[in-house]
Structures are given as structure tokens and as C-alpha cells.
2 protein chains.
Amino acid sequence: MPRAIAARAPLSRDVVLTAAVALADERGLEGVSMRHLADALGVVPMALYKHVGDKEDLLDGMVEHLLTGLGVGGTTGHQADRTADHTSKPLPWREAVTGPIHGVRALHRTHPWFRRVLETRQLRTPAVLAHMERLTSAFLAAGFTPDLTHHVMHLLGNRIWGFSPELFNEAGGPPTRRSTAPTPDPTDYPGILAVAADSRTRRPTATSCDEDGEFDFALATILDAAERLQRSGWSSPK
Amino acid sequence: MPRAIAARAPLSRDVVLTAAVALADERGLEGVSMRHLADALGVVPMALYKHVGDKEDLLDGMVEHLLTGLGVGGTTGHQADRTADHTSKPLPWREAVTGPIHGVRALHRTHPWFRRVLETRQLRTPAVLAHMERLTSAFLAAGFTPDLTHHVMHLLGNRIWGFSPELFNEAGGPPTRRSTAPTPDPTDYPGILAVAADSRTRRPTATSCDEDGEFDFALATILDAAERLQRSGWSSPK
DNA sequence: AGAGTAGGTGTACGATGTACACCACGTCAA
DNA sequence: TTGACGTGGTGTACATCGTACACCTACTCT
């Protein structure tokens with residue numbers, strides 16, 4: 001019984017979305033049900049439907065909410081760009097590209113659920129398009145042809161979305177699920193073991209990959225490659 | 001009432017997983033509920049729990065099922081590798097890398113739901129590790145240091161999983177949802193428009209991006225970059 | 001004063017995952 | 001032959017989910 005706690009301030013789409021993001025942050029994405037969200041707002045579940053169309057629209061809204069919050073200059077304090085081959089100092093267009101990319105990536109650090117929601121969204125919302133526009137126009141302004149720009153956007157792929165898959169260091173807690181899968185035998189994977197061993201000698205104290213470092217390396221390498229294609233006057237075959 | 005249709009063959013984990021994959025293929029991922037799956041098998045929902053631990057385990061199993069089916073040589077008929085800069089012919093190690101990658105990518109073409117399931121899985125199952133091992137050992141065998149191999153795996157990122165995000169050409173059907181989002185104004189995105197226009201002149205008949213082409217281009221470019229790093233004796237800083 | 005609207009309520013329904021108790025059968029030891 | 005047991009399918013039951021629908025209140029505008 002959501003007792004109206006002394007004239008609660010009225011809801012709005014923005015209030016709902018903010019609460020939903022907070023709820024997802026502390027309880028995980030599964031914790032975001034219309035009922036829990038309504039509870040958190042001191043309101044009955046159906047009240048939410050006056051502000052969001054349905055749950056899909058709520059999730060859309062959460063994405064939009066975070067991306068919009070990025071806006072101009074949401075990239076402060078992030079690691080500077082650097083080329084991977086250390087042969088030249090960063091050009092200004094690279095900052096124009098890495099800025100928005102690091103901005104979105106920061107969202108992933110703050111909101112671990114963000115990735116999974118993004119994956120299920122139709123992505124042609126204004127905030128998403130604005131993000132793409134920032135990147136696209138940065139390449140065009142740097143002298144990339146539209147053709148090459150197009151290809152480079154594909155090349156950047158999920159880098160645009162600010163994460164590389166957490167394949168290498170899962171939160172490998174104790175298996176709570178009644179999984180039928182056998183625990184794999186490490187000796188079946190000598191290559192992986194060799195890489196892991198090498199990685200351990202290189203960073204003895206670390207318990208997982210240097211995700212930020214790997215991300216920046218990948219981004220820089222890809223941008224280096226893009227730059228090389230541009231300078232060589234690349235255009236698509238046929 | 002699932003009438004035992006004249007001594008139905010007994011279930012097994014494999015039968016269940018195969019049916020689940022088929023169900024997902026024709027009804028989409030949302031259509032895969034324990035009840036629907038049981039129906040499709042002519043069985044009561046709870047019967048499934050003798051073969052899969054729970055729904056999470058079912059989804060794990062579906063991924064494992066498909067990846068295992070790839071096994072050795074699941075890569076026939078796919079486009080040959082080619083370098084993006086056309087300066088050298090493909091080396092054998094590149095086929096060893098692109099083979100498994102194209103194999104997984106083929107799964108995405110066949111099973112559109114595969115991507116979304118992958119995103120929600122814990123990825124350290126045997127089939128997943130086997131896939132990674134194939135790639136890792138191919139790099140090591142090609143003379144990449146473990147250090148560089150590690151970084152290149154991160155660099156490949158989702159390319160390992162055989163897709164780049166379908167950001168550019170959604171199945172943009174009529175909006176069935178009661179979305180609150182405003183339809184964006186195209187003129188707000190001149191860069192995107194310029195790229196799209198150029199793309200149209202280049203492939204006038206196409207209604208969407210050449211996804212396979214873009215994927216192959218991105219993969220080749222990344223592998224070119226990796227090769228360059230390897231030849232230059234790259235090792236991680238510090 | 002009366003109509004309209006924006007926003008919150010209450011009830012109700014169908015779908016989902018799955019716990020739990022049950023039972024039919026085969027195999028095997030006694 | 002008997003009886004115990006494990007394997008696999010059944011039936012019922014429950015909590016939780018998204019949300020349709022009818023309602024009620026309070027405020028604004030004519």
C-alpha cells in the first residue's frame with residue numbers, strides 16, 4: 001500500500017527513468033520490474049504507465065537517458081588517446097573520435113547492465129543517432145571519404161559502444177546454478193594457458209585483464225589502421 | 001494433455017537442445033518458454049527438468065550445442081580471406097584464424113537469436129574455450145608472442161563472435177510499440193546522411209549494408225594490423 | 001458551473017519458471 | 001520370485017511478471 005508520503009512530488013518520465021537506472025544499478029537488471037520500480041517510487045505499478053508506454057519503452061528510455069546525459073563533453077577525466085605504434089602524436093580528429101567512445105565506455109563501467117540492454121534495443125533513437133553523428137562527422141572533418149568513413153564505422157564495430165566483451169575475465173564466482181556443464185579441463189587449452197601464464201608474469205598482482213588498457217590498445221590500433229587507409233587513398237573495391 | 005503419441009522416443013539433453021534451437025529459429029527467442037518447448041516435444045513442462053537444470057542451463061546448452069556442431073571444419077563455403085590493403089596474399093595462419101571466426105559468424109546468419117543469447121551467457125564453457133583455443137593457438141603457431149596474442153584477442157573483440165552489431169541496418173519495421181520516443185529529424189545528422197548517400201550511389205540496388213563485406217573488411221583490416229605489430233616486434237609497454 | 005484532462009488506484013488475467021509429490025517402468029541383488 | 005532402486009514423465013500449485021480496464025480525484029479552462 002503505497003501510502004502517499006505527505007504529498008509525494010508528482011512523477012514524470014524523467015523521474016521514472018532516473019529511478020529505473022538507480023534500481024538497475026543496485027539490484028541488477030532483473031531487479032527492474034514494474035512492481036519494484038513502482039515500490040521504489042512509492043506508487044502503484046500501473047501509475048508508471050502514465051509515463052512510459054510499456055516496459056520496452058522504459059528500457060529504451062533508460063538508454064536514452066544515459067546517452068543524453070553524456071551530451072557535450074561527457075568525457076572528462078578519461079585516459080588520453082595514444083597511438084599503438086608510438087610513431088606519431090595524436091591528431092585532433094582522434095580526440096574527436098575517442099571522446100564520445102570513451103564517454104559511452106564510461107557508462108559501461110558505471111552501469112554494468114547497460115551492455116545487455118543496449119543489445120536488445122532498436123538503436124535508431126535520437127541520442128544514439130547523435131552519438132553516431134559525432135563520430136561520423138569527426139571522420140569526415142578529418143578528410144576521410146564518406147566511403148572510408150562508412151567502412152571505418154563498421155570496423156570500429158562494438159568499440160563504438162564502449163566495450164569489448166568481457167570474455168576474458170568473467171565475474172567467475174561460485175556456480176550458483178545447477179549447471180549440467182562439466183568443468184573444463186585446463187590442459188585441453190594449452191594456448192590459452194600459455195597466454196594466461198605470460199599475462200600473469202607481466203602483471204603478477206592482477207586478478208583479471210587490464211580491461212581499460214586493452215580497450216585503449218584496441219581502439220588505438222584500429223584508429224591507426226584507419227589512418228593508414230586514409231593516407232593511402234583507400235577506396236572500396238569494385 | 002501431451003498424449004504419448006504411440007511410444008514417443010525418450011527425451012535426452014541433446015533432443016531437448018535440438019528442439020529448443022529449432023523453436024528459437026521459427027518462433028524467436030521469446031517463443032522459447034519451457035511450456036512451448038515441452039509442447040513441441042509432446043511432453044509436460046516439468047519433464048524438461050530431467051534433462052536441463054533450469055532455463056539458464058537450457059540457454060547455455062543451446063549455445064554449446066551450436067558451437068560444438070561447428071567442430072572441425074564447420075567453415076566450408078565461406079568467403080576466402082583477403083588482406084584489405086592488397087599488398088600480400090593470405091598466409092596460412094590467417095586461414096586458421098578466419099576459419100573458426102567465419103564459422104561462428106555463420107551461426108549468426110542462421111540463428112538470428114544467437115547473438116542475444118551469447119550476450120547473456122557465462123562464456124567459460126568447453127565449446128567456448130575450444131573456440132578460443134583454436135584462435136589462440138593459431139596466433140602462437142604463427143609466431144605471435146603470448147603477449148601480442150593476448151592483445152590481439154582483445155583487439156578482435158566481438159569479431160571473435162562472428163558479428164558486428166547490426167547498428168546500421170536494423171529490421172526497421174513499422175513501430176508496433178507504443179514508443180514515447182520522437183521520430184528523429186534526418187537533417188540533424190548531416191554526417192550520417194552524407195555517408196548514407198554515398199553508400200547508395202555505390203550500391204544503388206541495396207537496401208542495407210553489405211554486412212558480409214563489411215565484416216570481412218573489418219576482420220582483414222584488424223588482422224593486417226596484428227600482422228604489422230607482430231612483424232615490428234611489438235611488445236606491451238612498461 | 002460544467003467539461004475535460006492528467007495522474008494515481010485497484011482489481012484481475014494470462015503467462016512464465018519451477019518446487020514438490022507422485023508414479024510407471026526397467027534393472028539388478030537377494 | 002521378490003523387492004529395492006534409479007530413471008524419466010506427470011499433475012498440481014505458487015510466486016512473479018507485464019498490463020488491460022474501469023475507476024476516482026484534483027486541477028484547469030471555458
message = One thing to verify: whether A/Asp216 and A/Arg159 come together as a salt bridge, which I'm taking to mean a side-chain N less than 4.0 angstrom from a carboxylate O.
response = no

task = Go through the steps for A/Asp57 and A/Arg13 under the test salt bridge (charged side-chain N to carboxylate O under 4.0 Å, His left out), then give the verdict.
result = CA-CA 11 Å; A/Asp57 185 42; A/Arg13 180 174 173 89; 3.1 Å; yes

Rounded to whole Å, how long is the line connecting atom [atom1] of [X] with atom [atom2] of [N]?
X       : N      : atom1 : atom2 : result
A/Arg13 : C/dA6  : CZ    : P     : 16 Å
A/Lys50 : D/dA26 : NZ    : P     : 15 Å
A/Leu41 : C/dT9  : CG    : P     : 11 Å
A/Leu37 : D/dG18 : CG    : C1'   : 13 Å
A/Leu23 : D/dC17 : CG    : P     : 11 Å

message = Centre-to-centre under 6.0 Å for B/His131 and B/Trp161, is that the case here?
response = yes

Provide a list of protein-nucleic acid N or O atom pairs under 3.5 angstrom, restricted to nucleotides 15-17 of chain C.
residue	atom	partner	partner atom	Å
C/dT16	OP1	B/Ser33	OG	3.4
C/dG17	OP1	B/Lys55	NZ	2.8
C/dG17	OP2	B/Met34	N	2.9
C/dG17	N7	B/Arg35	NH1	2.5
C/dG17	O6	B/Arg35	NH2	3.1

message = As a test of reading the structure: which of D/dT10, C/dT18, D/dA20 is closest to the side chain of A/Met46, going by heavy atoms?
response = D/dA20

Residues forming a side-chain hydrogen bond (donor to acceptor under 3.5 Å, both in side chains) with B/Glu133, sequence neighbours excluded = none

message = Among residues at least two apart in sequence or on other chains, which ones pass side-chain hydrogen bond (donor to acceptor under 3.5 Å, both in side chains) with B/Glu30?
response = B/Arg116

request  = Respond yes when some side-chain nitrogen or oxygen of B/His51 is under 4.0 Å from OP1 or OP2 of D/dG9, and no when none is.
outcome  = yes

Side-chain donor or acceptor of A/His36 paired with backbone N/O of A/Gly31 under 3.5 Å = yes

